[in-house]
Number of protein chains: 2
Amino acid sequence: MKKAPTIRDVAATAGVSVSVVSRVLNPDSGPVAPAKRQDVLRVIDELGYRPRAAARELSAGHALTIGLVVTDLSNPFFARLADRIVWEARSHGVQVVLMTTQEDPHLEADSLDTLLDRSVSGVIATPTGGNIEKWARLQDLGVNVVFVDRTIEELADVDVVSIENFDSARRSTEYLIGLGHTRIALVTGPRQTSTGRARINGYRAAHEEASLAVDPLLIRDVPFRGDSGGDAVGSLLAMPQPPTALIVANTAQVQSSVRRLVQVGIRIPDELSVIVFDDNPWTELMSPPLSVIRQPLDMLAVHSLELVLGRMQGKLPDGPRFIEVKADFLARNSCAPLAQTAIH
Amino acid sequence: MKKAPTIRDVAATAGVSVSVVSRVLNPDSGPVAPAKRQDVLRVIDELGYRPRAAARELSAGHALTIGLVVTDLSNPFFARLADRIVWEARSHGVQVVLMTTQEDPHLEADSLDTLLDRSVSGVIATPTGGNIEKWARLQDLGVNVVFVDRTIEELADVDVVSIENFDSARRSTEYLIGLGHTRIALVTGPRQTSTGRARINGYRAAHEEASLAVDPLLIRDVPFRGDSGGDAVGSLLAMPQPPTALIVANTAQVQSSVRRLVQVGIRIPDELSVIVFDDNPWTELMSPPLSVIRQPLDMLAVHSLELVLGRMQGKLPDGPRFIEVKADFLARNSCAPLAQTAIH
DNA sequence: TACAAAAGTGGAACCGGTTCCACTCCGGAT
DNA sequence: ATCCGGAGTGGAACCGGTTCCACTTTTGTA
């Protein structure tokens with residue numbers, strides 16, 4: 001176990017000062033004679049020298065690192081998002097420190113502290129909804145924060161990237177109404193979040209357009225956490241007058257909701273038409289393949305990274321940015337006209 | 001945007017020297033009078049002081065960080081593994097820097113360089129198979145390396161955590177033979193990897209036990225990368241005398257293999273009995289629910305982290321450790337007796 | 001009461017980079 | 001010939017922690 005060479009080793013071997021080596025390492029930081037530059041580069045290569053990130057960070061006061069704070073990697077949505085973000089970040093020479101919160105504000109608070117210690121220059125997160133002061137403090141210390149998929153309204157000056165919530169919910173609802181359904185259930189995130197609200201509003205808008213009344217009991221805004229999606233589905237199916245169609249409008253609830261549907265053995269679409277907000281590979285492998293709102297993960301990843309990096313380089317105007325990307329509705333075979341639905 | 005307090009701010013405010021603050025921060029590094037300790041702690045709290053990780057790393061020469069190098073987070077196996085590792089690492093106060101390789105040795109090489117720059121004290125990885133010298137160099141520089149799920153045989157002194165490859169393959173094969181199948185296909189990782197070989201051997205062993213001949217054409221050791229699993233499945237089904245049962249024995253190939261099966265519309269288990277090495281939630285949601293070898297992700301995560309952390313603290317004996325954890329076979333409904341299989 | 005051992009403290013070097021600044025060249029303009 | 005400005009260079013301070021060591025104050029014990 002030998003130890004790695006430092007910049008002073010390189011300088012000594014090349015017969016120059018550390019300043020010169022540093023300038024070779026960081027072009028544009030000062031002039032270096034072409035001949036010496038070659039010498040230094042050769043020595044760097046020979047010695048296998050690599051600058052220590054910690055030293056650079058200490059001196060610079062901040063790291064070329066971003067924090068990625070998601071709730072849970074076992075949710076394919078976040079996993080794929082993380083995959084894309086890591087990929088995209090790498091191509092910009094930025095590392096990603098990963099933290100998961102399990103939807104727990106305490107764990108989230110811990111994560112934020114840790115990211116602060118690491119002097120990350122940016123954070124991409126799906127916030128739990130708590131820790132408002134912590135998020136504010138982070139921003140106050142110059143960390144660029146971008147929220148994906150959700151947001152916290154109390155927080156000014158945060159960039160947000162999400163899908164067109166209102167529109168996606170409206171279109172899926174319209175589609176089901178078009179099939180003749182009038183009792184359409186909606187499982188979505190908490191009404192306190194802007195995304196939850198936007199989706200509910202889209203759902204309502206579609207009803208109004210069609211002059212249909214909305215049964216408030218069919219709207220279930222449930223916590224992201226745990227099995228709340230499944231429980232909502234269970235209770236919806238147990239209603240005296242159960243829905244004939246269901247929209248699961250939040251990635252966090254899709255897995256448990258669909259599991260519940262399979263467990264109770266309800267026939268899709270014969271007994272219930274289903275649309276989920278998700279683009280997981282397995283939605284296509286089920287029988288029947290589920291109709292989905294396809295969340296454009298690439299776009300979400302690219303935009304959130306663009307925002308973080310743009311802020312890091314000070315290349316963006318000052319106000320907070322709110323980016324909504326279009327989500328496609330993909331009809332597969334989990335929805336049937338009401339006429340064919342066997343009311344039980 | 002104000003700037004964060006440093007240890008000297010704390011020292012000045014508390015009216016002590018930086019040494020004292022440092023000793024308060026790191027118990028056991030030296031004595032501090034109880035009264036002063038209280039003072040310092042109070043000031044730290046008032047100022048909201050947090051030690052900068054970079055400074056600590058620079059001084060210590062290594063970081064309380066481990067690198068996690070997986071191929072692809074869109075594979076639920078790795079995603080869930082990552083989730084568990086991040087979770088487990090956090091509980092030990094260790095951060096995780098995430099890198100993905102997409103099975104590309106070049107990207108892997110990049111990742112290793114980056115981790116070196118970061119002075120990580122450990123790496124948990126599913127290696128692509130290349131970069132042997134790079135891995136060796138990493139170890140040589142004192143980085144503790146643990147491989148999960150796969151390994152590189154040329155590399156001495158690496159800890160490895162995986163499931164009981166031989167046994168898992170043998171048991172699944174035995175199960176299918178027990179159902180009367182004699183033409184059982186095996187899709188697994190490259191024969192060059194020890195895991196690929198072990199699984200093939202397990203498959204062979206089950207055949208020998210039952211005095212069954214092995215048709216080498218039914219064994220497909222394919223690359224981890226891309227759609228090779230699906231292609232193997234396609235070509236197996238196109239054989240003049242196609243298999244009546246299929247074992248997909250590597251997580252990297254499960255997704256594409258199953259997708260192909262669904263695409264060609266083969267009926268499971270009527271036309272083909274299927275077992276996959278995976279423990280994804282969706283295997284249960286398919287119809288029929290797939291019989292699986294359940295990889296104990298928790299155990300894989302816990303053991304690999306234990307190894308890395310143990311090495312970091314020098315608490316482990318010198319030789320490399322090879323940990324195999326038991327994987328359960330979970331029979332669901334994707335396998336049928338040969339008698340009921342419709343040979344086409 | 002004396003005196004060694006232990007507890008407590010602060011100064012300063014150090015980790016490995018970056019950056020500011022002073023200084024030496026050199027060519028070109030006056 | 002003289003001056004100016006910029007290219008090229010190295011010395012040294014600095015980033016924010018840790019740690020060694022010298023020093024002072026307690027404490028315990030003979």
Side-chain angles (χ1 to χ4, degrees), chain A residues 2-41 43-44 47-65 114 116-121 141-142, chain B residues 2-41 43-44 47-65 114 116-121 141-142:
Chain A
K2 51 175 183 281
K3 68 190 227 298
T6 74
I7 196 173
R8 291 178 225 268
D9 296 329
V10 175
T13 311
V16 298
S17 71
V18 289
S19 318
V20 171
V21 180
S22 179
R23 282 195 292 267
V24 170
L25 254 29
N26 312 53
D28 304 335
S29 67
V32 179
K36 291 212 173 183
R37 154 165 281 118
Q38 289 313 315
D39 285 355
V40 171
L41 286 174
V43 171
I44 286 179
L47 264 50
Y49 166 75
R50 313 219 81 221
R52 230 71 83 244
R56 193 171 267 177
E57 283 168 25
L58 182 55
S59 182
H62 63 93
L64 260 187
T65 303
T114 301
L116 216 49
D117 302 349
R118 298 219 69 94
S119 319
V120 295
S121 9
L141 286 162
Chain B
K2 50 175 183 280
K3 68 189 227 300
T6 74
I7 196 173
R8 291 176 225 267
D9 297 329
V10 175
T13 311
V16 298
S17 71
V18 290
S19 318
V20 172
V21 180
S22 178
R23 282 195 291 267
V24 170
L25 254 28
N26 313 52
D28 304 333
S29 68
V32 179
K36 291 213 172 179
R37 155 166 281 118
Q38 290 313 315
D39 285 355
V40 171
L41 287 174
V43 171
I44 286 179
L47 265 48
Y49 166 75
R50 312 218 83 220
R52 229 71 82 244
R56 193 171 267 177
E57 283 168 25
L58 182 56
S59 181
H62 63 95
L64 260 187
T65 303
T114 301
L116 215 49
D117 302 348
R118 297 219 70 93
S119 317
V120 296
S121 9
L141 286 162

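A, B, ... follow the sequence lines: proteins, then strands. Residue 1 opens every chain.
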| Pick the nucleotide of DNA chain D nearest each of A:G30 and A:R8; which residue has the one closer to the 5' end? | A:G30

| task | Please report the closest heavy-atom contact between B:A14 and B:V43, naming both atoms and the distance. | result | CB-CG2, 3.7 Å

| note | Heavy atoms of B:L141 and A:K3 approach each other most closely as CD2-C, 4.1 Å

| task | Could you list where the contact with chain A starts and ends along DNA chain D, reading 5' to 3', using a 4.0 Å heavy-atom cut-off? | result | D:dA7 to D:dG16

| message | Can you tell me how far apart CD1 (B:I44) and OG1 (B:T13) are? Round to the nearest 0.5 Å. | response | 10.5 Å

| field | Integer-rounded Å distance: C:dT9 C1' and B:D39 CG | value | 14 Å

| said: Assess whether a salt bridge exists between A:R118 and B:E57, defined as any Lys/Arg side-chain N lying under 4.0 Å from an Asp/Glu carboxylate O. | reply: yes

| task | For A:R23 and A:V32, indicate whether the former's side chain and the latter's backbone hold a donor-acceptor pair under 3.5 Å. | result | no

| query | What are the residues of residues 54-64 of chain A, sorted by number, that bring a heavy atom to within less than 4.0 Å of DNA chain C? | reply | A:A55, A:R56, A:L58, A:S59

| note | Rounded to 10°, the angle between the first-five-pair and last-five-pair axes of the helix from C:dT1-D:dA30 to C:dT30-D:dA1 is 50°

| Spacing of CD1 belonging to A:I7 relative to OG belonging to A:S17, to within rounding of 0.5 Å | 9.0 Å

| Distance-minimising heavy-atom pair for B:L58 and A:A55 | CD1-CB, 3.8 Å

| field | Distance below 4.0 Å between B:K36 side-chain N/O and C:dT9 OP1 or OP2 | value | yes

| message | Nearest 0.5 Å, please: how far is CG in A:L25 from CG in A:L41? | response | 9.0 Å

| said: On DNA chain C, compare the nucleotides closest to B:V18 and A:I7; which residue's is nearer the 5' end? | reply: B:V18

| query | Taking all non-hydrogen atoms of both residues, which atom of A:R56 and which atom of A:N26 are closest, and how far apart? | reply | NH2-OD1, 4.2 Å

| said: Any base atoms under 4.0 Å from A:T6, or only sugar-phosphate, or nothing? Heavy atoms, all strands. | reply: sugar-phosphate

| task | Would you mind classifying the nucleic acid contact of A:P31 as base, sugar-phosphate or nothing, using non-hydrogen atoms under 4.0 angstrom? | result | base

| remark: Here the pair of heavy atoms bringing B:G61 nearest to B:S119 is O-CB, 4.0 Å

| field | Atom pair NE2 (B:H62) and OG (B:S121), whose distance is rounded to the nearest 0.5 Å | value | 6.0 Å

